[in-house]
Amino acid sequence: MGVFLIAVAAWLARVEDWRSYTPLAGGGTVGGTAEQYVSEEKPSGVIRWLTTVDHKDIGMLYGAYALVAFAVGGLMVVLMRIELADPSMTLISNTFYNSLLTSHGITMLFLFGTPIIAAFSNYFIPLLIGADDMAFPRINAIAFWLLPPAALLIWAGFFPIPDVIPAQTAWTMYTPLSAGVGSGNQMNAGVDLMLLGLHLSGVSATMGAINFIATIFTERNEKVSWANLDIFSWTILTQSGLILFAFPLLGSAIVMLLLDRNFGTMFFSVDGGAILWQHLFWFFGHPEVYILVLPPMGIVSLVLPRFAGRRLFGFKFVVYSTLAIGVLSFGVWAHHMFATGIDPRLRASFMAVSLAIAIPSAVKTFNWITTMWNGKIRLTTPMLFCIGFVSNFIIGGVTGVFLASIPVDLVLHDTYYVVGHFHYIVMGAIAFAGFAGLYYWFPIYTGRMYQVTLGKWHFWLSMVGTNLTFFAMILLGYGGMPRRYATYLPQFATLHQVATVGALILLVGQIIFVWNFVQSWLEGREVQDGDPWDLADDDLVTAEWTWFERKLETAVTDGGEEETELATDGGQTVDDADAESADDA
């Protein structure tokens, strides 16, 4: 893999001089004055996308990659749900079901969840903070190009490679199963390839996190202070800090597991090794949930006020609650381990922190609802997805609070209740916020408008499908149905069939989304106005729309050099914020 990456880098260096068309983030040049280099247009076609270091292009690449991964992971789970429509169904084998289960989880979390957030942040963070580009444009490109080989490695078991089968360890990769101990088939190279792919995706995320921290700290426009930094940038900054602490630990654990599997070391193959793996994995695994959910919270906090006709209520408290979640997220990992027999005093402390972390999430929910209260709500497609996010997040959050209680968790642990709770957050909240962002910013990155009716069909089918599927799973968990089984007792058939119907409704909704997205991008009505959502009527125009209007007027893709007032997330201009600060002083 290293030789391959070096070969690709050498080839790119031969076919393209990157410096010839790429502005530096600070507006300067490397090794000389600007006059020494000729300004040229970006190359066209495939070469442009292979060599680009423009943050907007890389954001588009992340988005395309994430949506492909979303389609692959979604089709995997549809096949699983069809298998579960009847307890005697034999459409696929039990081992293939376990393979799909493992790859679905890893695909959605690592190949869709993190990259779709990177798509928004790469494209819009520099625009929101008034930067020319990311602090390290080339590192930004490298971080993306690590992801395609990561996906190939993770999915390698499904390819027709001799003697390689997909991993069947579930996404948590619990030892001793994942260490290949026993008479099973988990010593197969498919598990090693999956672990290498995960490691590569973790390196990519860590490089991106360093870049975002450096960009937000050093590349902000002089008018953008910490006091008026937009809420989306705050969530990305917090997420990047979590990634810096969490992903390297996962990488270390994966390296130890690979050594156990291939070189005879004994990190996880001895007594206590299974508990050690769980501690290491969940120290990453639970912050990972907040790594995935904080930026979508930022998107909702940015988009929802635009269609409520008022500024975000309690902006400072939303920022403080974001930081509180970032700190507390590292103190809750062992609530995944209440059933392992760890010291009861430890369990009690983790229960307390797990209950406490619900408070900043509740603060955000209160602020979103209060922002809508007495507002001039416009039920556009982005707003519908924001409202759907809030309602699904409430259900997912409340069901999570029950799991934070030790006695309740001991009853519901490893049942479908956990699956329902988790998917209310991952699909019902994170994906809904992603769709809100895709529709809200659609005019900026396409220059066109989507079909409104199809967008609303997408929302309602997604909302109905999500609640049918995952609420049925919560009820299955109350009934005692264990998760990760390819079959079940007949008394669970009705709820499984309801969940399967919900999954098929979700599938139809996503097919409509793909059609609307592609067709509108190619043939949709062109946007002539830099304010397609009429945000100026409520004084809620933010910096990216100012850039977009300037782009339409000048047809310059980098936004030009004109100095403009940068509005904060709440629609408040920097000058207004400075005036208020002076009044407070």
Side-chain angles (χ1 to χ4, degrees), residues 63 116 119-120 123-124 127-128 230-232 295-313 367-393 428-466 509-510 512-521 523-549 552 567 569-571:
I116 194 64
F120 290 119
Y123 201 108
F124 293 107
L127 300 182
L128 286 166
D230 67 279
I231 187 61
F232 183 55
M297 287 176 170
I299 292 174
V300 169
S301 299
L302 189 74
V303 175
L304 185 144
R306 315 271 90 78
F307 301 106
R310 55 188 300 189
R311 297 172 184 172
L312 179 65
F313 178 83
N367 286 5
W368 294 324
I369 294 173
T370 309
T371 301
M372 291 186 285
W373 190 262
N374 286 334
K376 296 183 295 182
I377 293 178
R378 292 183 287 155
L379 293 178
T380 61
T381 303
M383 185 61 166
L384 288 173
F385 273 105
C386 286
I387 295 172
F389 169 96
V390 174
S391 60
N392 290 334
F393 183 73
I430 295 172
F432 270 53
F435 288 131
L438 286 171
Y439 283 111
Y440 176 64
W441 284 308
F442 192 86
I444 287 186
Y445 57 82
T446 67
R448 299 178 183 270
M449 183 56 75
Y450 60 86
Q451 297 183 51
V452 174
T453 302
L454 290 182
K456 292 186 177 180
W457 269 103
H458 174 214
F459 165 74
W460 286 112
L461 288 171
S462 297
M463 191 68 178
V464 171
T466 293
Q510 308 327 304
I512 290 175
F513 162 71
V514 171
W515 167 262
N516 189 9
F517 197 80
V518 175
Q519 194 272 342
S520 298
W521 195 319
E523 302 176 1
R525 173 177 58 84
E526 290 190 6
V527 176
Q528 304 296 332
D529 183 8
D531 184 19
W533 299 114
D534 298 324
L535 303 179
D537 294 347
D538 299 304
D539 192 25
L540 294 173
V541 178
T542 43
E544 79 276 23
W545 294 107
T546 303
W547 170 86
F548 180 58
E549 184 172 14
L552 291 179
D569 148 83

Legend entry - Trp521, CH2: over 12 other non-hydrogen atoms inside 6.0 angstrom: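 Yes - once you tally the heavy atoms of other residues, nucleotides and ligands closer than 6.0 Å, there are more than 12.
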Would you check if [X] and [Y] make a side-chain contact, meaning some heavy-atom pair closer than 4.5 Å?
{"X": "Asp537", "Y": "Asp534", "result": "yes"}
{"X": "Gln451", "Y": "Gln519", "result": "yes"}
{"X": "Arg311", "Y": "Thr371", "result": "no"}
{"X": "Asp531", "Y": "Phe548", "result": "no"}
{"X": "Pro532", "Y": "Met449", "result": "yes"}
{"X": "Lys376", "Y": "Phe307", "result": "no"}
{"X": "Ser462", "Y": "Gln510", "result": "yes"}
{"X": "Phe393", "Y": "Phe432", "result": "no"}

Tell me the closest heavy-atom pair linking [X] and [Y], and the distance in Å.
{"X": "Val303", "Y": "Pro382", "answer": "CG1-CB, 4.0 Å"}
{"X": "Phe385", "Y": "Gly455", "answer": "CE1-O, 4.3 Å"}
{"X": "Ile231", "Y": "Gly298", "answer": "CG2-O, 3.8 Å"}
{"X": "Val300", "Y": "Ala433", "answer": "CG2-CB, 3.8 Å"}
{"X": "Gly434", "Y": "Phe120", "answer": "O-CZ, 3.3 Å"}
{"X": "Gly63", "Y": "Ala119", "answer": "N-CB, 3.4 Å"}

Legend entry - side chain to side chain contact (heavy atoms under 4.5 Å, CB included) assessment of Ile444 paired with Glu544: CA-CA 8 Å; Ile444 287 186; Glu544 79 276 23; 3.5 Å; yes
Please check: side-chain N/O of [X] versus main-chain N/O of [Y], any donor-acceptor pairing under 3.5 Å?
{"X": "Thr466", "Y": "Met463", "answer": "no"}
{"X": "Arg306", "Y": "Tyr440", "answer": "no"}
{"X": "Trp545", "Y": "Gly530", "answer": "no"}

Working to the nearest 0.5 angstrom, can you tell me the gap between [X] [atom1] and [Y] [atom2]?
{"X": "Asn516", "Y": "Tyr450", "atom1": "CG", "atom2": "OH", "result": "8.5 Å"}
{"X": "Phe459", "Y": "Ile512", "atom1": "CZ", "atom2": "CD1", "result": "13.5 Å"}
{"X": "Leu304", "Y": "Trp368", "atom1": "CG", "atom2": "CH2", "result": "9.0 Å"}
{"X": "Leu552", "Y": "Glu526", "atom1": "CG", "atom2": "CD", "result": "10.0 Å"}
{"X": "Ser301", "Y": "Asp230", "atom1": "OG", "atom2": "CG", "result": "10.5 Å"}
{"X": "Leu454", "Y": "Leu461", "atom1": "CG", "atom2": "CG", "result": "10.5 Å"}

Legend entry - CA sep, side-chain torsions, deciding dist, call: Ile377, Met383, side chain to side chain contact (heavy atoms under 4.5 Å, CB included): CA-CA 8 Å; Ile377 293 178; Met383 185 61 166; 4.1 Å; yes
Legend entry - Verdict with supporting geometry, Trp373 and Phe313, ring-ring contact (aromatic ring centres under 6.0 Å, His included): CA-CA 10 Å; Trp373 190 262; Phe313 178 83; over 10 Å; no
Inset, instruction - Give the ring-plane orientation class for Phe232 versus Trp441, where under 30° counts as parallel, over 60° as perpendicular and anything between as tilted. - result: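 Judged by the thresholds at 30° and 60°, the geometry between Phe232 and Trp441 is tilted.
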Inset, instruction - Using the test ring-ring contact (aromatic ring centres under 6.0 Å, His included), find all partners of Phe513 that sit at least two apart in sequence or belong to another chain. - result: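 Partners of Phe513 under the ring-ring contact (aromatic ring centres under 6.0 Å, His included) test: Phe435, His458, Phe517.
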Legend entry - Centroid-centroid distance, Phe442 to Tyr445, less than 6.0 Å: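 Between Tyr445 and Phe442, which both carry aromatic rings, the centre distance is below 6.0 Å.
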Legend entry - Which residues share a salt bridge (charged side-chain N to carboxylate O under 4.0 Å, His left out) with Lys456, sequence neighbours left out: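 Once residues adjacent in sequence are excluded, Lys456 has no partner under the salt bridge (charged side-chain N to carboxylate O under 4.0 Å, His left out) criterion.
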Inset, instruction - Determine whether the side chains of Trp533 and Thr380 contain a donor N or O and an acceptor N or O closer than 3.5 Å. - result: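 Absent: no donor and acceptor within the cut-off.
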Legend entry - Chi angles and distances behind the side chain to side chain contact (heavy atoms under 4.5 Å, CB included) call for Ile430, Ile116: CA-CA 10 Å; Ile430 295 172; Ile116 194 64; 5.6 Å; no
